[in-house]
Chemist: 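One structure is given below, represented as structure tokens, and several questions about it will come after.
Bear in mind that the values here come from a model prediction, so they are computed numbers and not experimental data.
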Amino acid sequence: MTFAVHGLPVARGIAIGRAVLVVSSRIDVAHYFIKPEEIETEIDRVRTARNAVADELTKLQASVAQMGPNDAPHELAALLEVHQMLLQDDVLSGGVKHWISERLYNAEWALTTQLEIIARQFDEMEDPYLRERKADLEQVVERMLHRMKGTAAVLAPSPPRRKRAAAAHDDEDDDPTAGDGFDVPLVLIAHDLSPADMLQFKKSVFAGFVTDVGGRTSHTAIVARSMDIPAIVGARSASQLVRQDDWVIIDGEAGVMIVDPSPIILAEYGFKQRQGDLERGRLARLRHKPAVTLDGQRVDLLANIEMPEDTAGAVKAGAVGVGLFRSEFLFMGRENSARQTRLPDEEEQYQAYKRAVEGMQGMPVTIRTIDVGADKPLDGKSGSKQEHLNPALGLRAIRWSLADPAMFLTQLRAILRAAAHGEIHLLIPMLAHASEIRQTLSLIDFARAELDNRGAVYGPVKLGAMIEIPAAALTLKTFLKHFDFLSIGTNDLIQYTLAIDRADEAVAHLYDPAHPAVLKLVADTITECRRQGKGVSVCGEMAGDVAFTRLLLGLGLRSFSMHPSRILAVKQEVLRADTGKLEPWAQGVLDADDPAAVLAG
């Protein structure tokens with residue numbers, strides 16, 4: 001039966017494919033694709049875990065049999081028998097083999113996927129006793145997962161793609177649901193995805209994804225846009241309504257997921273998908289065209305990246321530099337078998353920053369120091385530093401770095417060393433106090449002194465500060481005494497100005513980039529920087545939103561930093577703009593009671 005699930009659109013486009021559910025588990029489960037030659041190895045891992053758990057249960061049964069009736073109730077022996085039966089069930093083992101062989105899931109992913117399918121069957125049973133057996137199945141699977149913990153294979157970047165037979169393909173061009181195999185498009189459905197999860201899936205082949213939670217500027221949404229795939233967040237119960245392997249359509253324009261679509265709906269969305277491909281083809285012709293307005297104003301279109309390897313996509317998209325390298329992604333997903341996070345050392349960071357500089361082929365790279373906390377916790381850092389009622393207002397970004405100067409100095413030394421290989425701008429996030437500025441500058445000087453003492457080679461860097469807290473936007477003159485440039489992080493600036501948690505879909509409708517207070521802070525920052533001859537850019541989501549391109553140009557902005565996937569669309573707006581005519585219009589938008597209405601008009 002066809003039905004629709006609504007959420008928040010965060011990345012445009014249409015995706016059609018089979019649903020891949022990331023199922024929650026009480027212990028951490030790795031999700032990655034394996035290579036075809038690893039299928040038997042993964043199946044053996046499941047078999048070994050099952051046999052080990054079976055031995056455990058057999059020993060428990062033997063010990064129960066030796067106990068007296070007062071020590072071990074009859075129900076315990078019966079429960080262990082049920083667990084043995086569930087463990088040896090062909091539906092469980094056969095399903096796991098299917099997901100490993102046909103979808104190339106790793107063993108843990110295949111096991112939790114099959115658990116979810118069988119659990120739903122238990123939920124639909126009328127007999128309350130049988131329904132309760134779901135908990136037993138979950139316990140059995142948890143035992144197997146614990147057995148496999150720490151034995152996962154090396155992460156494979158993506159599943160290989162099996163080609164359909166040519167004859168079959170000729171008959172199936174118009175039906176995306178026809179056939180099966182490794183080449184079938186896959187869409188990811190999950191309750192939520194951490195930034196570390198997103199970083200892993202970014203290396204994969206998903207055509208789109210949907211999550212139950214999240215807002216338009218949550219980091220899940222931001223990375224989705226950087227992947228340039230259709231995505232919806234805040235879809236509430238999507239992961240409960242969709243079943244494994246359902247055919248679904250993701251409409252990233254409207255924020256709608258259609259489950260089990262009819263042939264007519266499929267044909268309609270197939271047409272929309274082809275239209276989107278044609279539009280991307282037209283935009284691609286602008287790649288090598290300089291971003292200059294009709295009245296001759298040059299505009300720098302920069303890229304936001306998460307990893308050094310993203311520079312290839314930035315260069316391909318026509319970026320003239322990196323305006324935001326989110327260095328925290330180097331620190332994520334690094335949990336070891338002892339459940340502790342091993343942070344990258346100076347040499348590892350230096351090599352990563354050096355690769356980014358070299359990847360941009362002489363163009364500038366702006367590296368933001370680590371920004372963790374709120375919706376970007378480090379794995380294994382769930383202790384006191386992360387357990388706050390409102391982490392967005394807690395120990396995050398520069399506050400986190402200043403609280404751990406040894407870690408911060410390690411990063412600063414690595415960035416300074418990488419600056420010997422090309423132009424690097426050093427960007428500090430979430431500054432609000434003059435005392436924080438002084439501490440930060442002091443540590444940068446100390447890092448230079450440490451490198452001098454070692455005789456290490458390092459280069460000069462331009463220093464910049466993020467304007468993402470209203471207090472910073474209202475004290476610009478203090479900032480401009482110390483920094484060469486400012487970068488407006490509109491995502492957090494909107495969040496803190498309007499008191500809206502940008503990752504909470506319950507208040508997402510109140511998150512408003514066009515709010516008069518937000519626009520005034522942005523406009524004042526641009527004006528003051530231009531007045532003092534300091535560089536200024538916008539690196540938040542507003543920079544890549546074509547609905548705001550003309551307004552930002554009219555306010556005097558000449559440097560935009562965005563996801564590489566948005567550069568060509570923004571460039572098209574720049575090429576059509578006349579900033580002389582836009583300036584009075586932009587002032588009218590600022591003066592309006594309802595700026596959004598003027599922008600839409």
Side-chain angles (χ1 to χ4, degrees), residues 194-196 198-199 217-220 222-223 304 306-307 324-336 339-346 348-350 352-353 366-416 426-447 450 461 463-472 479 482-483 487 489 491-493 495-496 501-503 539-540:
S194 71
M198 289 300 303
L199 204 59
T217 56
S218 63
H219 282 271
T220 301
I222 290 172
V223 179
N304 295 346
E306 282 85 40
M307 298 295 282
L324 178 63
F325 180 171
R326 296 185 175 97
S327 67
E328 58 270 13
F329 283 86
L330 295 175
F331 292 70
M332 292 177 177
R334 304 173 60 88
E335 199 171 78
N336 60 26
R339 309 289 291 131
Q340 295 178 340
T341 298
R342 182 185 66 82
L343 300 181
D345 60 20
E346 180 183 328
E348 183 179 348
Q349 289 188 61
Y350 159 69
Y353 304 141
T366 301
I367 301 175
R368 183 179 68 187
T369 58
I370 184 170
D371 181 3
V372 294
D375 59 345
K376 293 183 293 181
L378 290 181
D379 292 349
K381 290 288 183 180
S382 57
S384 61
K385 284 190 176 181
Q386 297 295 335
E387 292 176 355
H388 299 287
L389 292 176
N390 193 335
L393 301 180
L395 194 66
R396 58 165 295 201
I398 190 60
R399 301 170 183 177
W400 195 85
S401 295
L402 294 177
D404 191 349
M407 180 281 300
F408 192 35
L409 285 167
T410 298
Q411 181 174 37
L412 292 174
R413 291 194 302 270
I415 293 173
L416 291 168
L426 176 59
L427 183 61
I428 310 298
M430 208 178 167
L431 287 166
H433 301 271
S435 60
E436 291 174 328
I437 295 174
R438 289 193 296 270
Q439 279 183 274
T440 300
L441 296 178
S442 176
L443 285 170
I444 293 172
D445 288 339
F446 191 79
E450 288 182 313
V461 296
L463 294 181
M466 294 280 289
I467 301 299
E468 48 194 340
I469 297 176
F479 279 75
H482 302 284
F483 294 100
S487 185
N491 303 342
D492 272 334
L493 185 61
Q495 169 174 251
Y496 294 129
D501 184 345
R502 62 192 178 102
C539 66

Chemist: For Pro344, is there any backbone N or O sitting under 3.5 Å from a side-chain donor or acceptor partner on Gln349?
Modeler: yes
Chemist: Rounded to the nearest 0.5 Å, what separation is found between the CD1 atom of Ile367 and the CG atom of Leu330?
Modeler: 9.0 Å
Chemist: Give, for atom CG of Asp404 and atom CD of Gln411, the distance between the pair rounded to the nearest 0.5 Å.
Modeler: 11.0 Å
Chemist: Of all the heavy-atom pairs spanning Glu468 and Gly489, show the shortest one and how long it is.
Modeler: CB-O, 3.7 Å
Chemist: Nearest 0.5 Å, please: how far is CG in Leu426 from CD1 in Ile415?
Modeler: 5.0 Å
Chemist: For the residue pair Val461 and Ile444, establish whether any side-chain heavy-atom pair is separated by less than 4.5 Å.
Modeler: no
Chemist: So, Asp345 side chain and Glu348 main chain: donor-acceptor pair closer than 3.5 Å or not?
Modeler: yes
Chemist: Nearest 0.5 Å, please: how far is CD1 in Ile467 from SG in Cys539?
Modeler: 10.5 Å
Chemist: Taking Ser327 for its side chain and Arg368 for its backbone only, find out whether a donor-acceptor pair lies under 3.5 Å.
Modeler: yes
Chemist: List the steps, then state whether side-chain contact (heavy atoms from CB on, under 4.5 Å) holds for Val372 with Arg396.
Modeler: CA-CA 5 Å; Val372 294; Arg396 58 165 295 201; over 6 Å; no
Chemist: List the atom of Ile469, the atom of Leu431, and the distance in Å for their closest heavy-atom pair.
Modeler: CD1-O, 4.1 Å
Chemist: On a heavy-atom basis, which atom in Phe479 and which in Ala465 lie closest, and how many Å separate them?
Modeler: CD2-CB, 3.8 Å
Chemist: I would like to know whether Met430 and Trp400 meet side-chain contact (heavy atoms from CB on, under 4.5 Å); could you show each step before the answer?
Modeler: CA-CA 10 Å; Met430 208 178 167; Trp400 195 85; over 6 Å; no
Chemist: As an exercise, state the distance from CD1 of Ile437 to OG of Ser442, rounded to the nearest 0.5 Å.
Modeler: 13.5 Å
Chemist: side-chain contact (heavy atoms from CB on, under 4.5 Å) between Ile370 and Met407: does it pass, once the steps are laid out?
Modeler: CA-CA 10 Å; Ile370 184 170; Met407 180 281 300; 4.0 Å; yes
Chemist: Of all heavy-atom pairs between Glu328 and Thr369, which one has the smallest distance, and what is that distance?
Modeler: OE1-O, 4.3 Å
Chemist: Between Phe408 and Leu443, which heavy-atom pair has the shortest distance, and what is it?
Modeler: CD2-CD1, 3.6 Å
Chemist: State, with a plain yes or no, whether a side-chain heavy atom of Phe325 is found less than 4.5 Å away from one of Leu427.
Modeler: no
Chemist: Rounded to the nearest 0.5 Å, how far apart are CZ of Arg399 and CG of Asp371?
Modeler: 10.5 Å
Chemist: Within the structure provided, determine whether Asn304 and Arg326 are in side-chain contact (heavy-atom separation under 4.5 Å).
Modeler: yes
Chemist: Thr440 side chain to Glu436 main-chain N or O, any donor-acceptor pair under 3.5 Å?
Modeler: yes
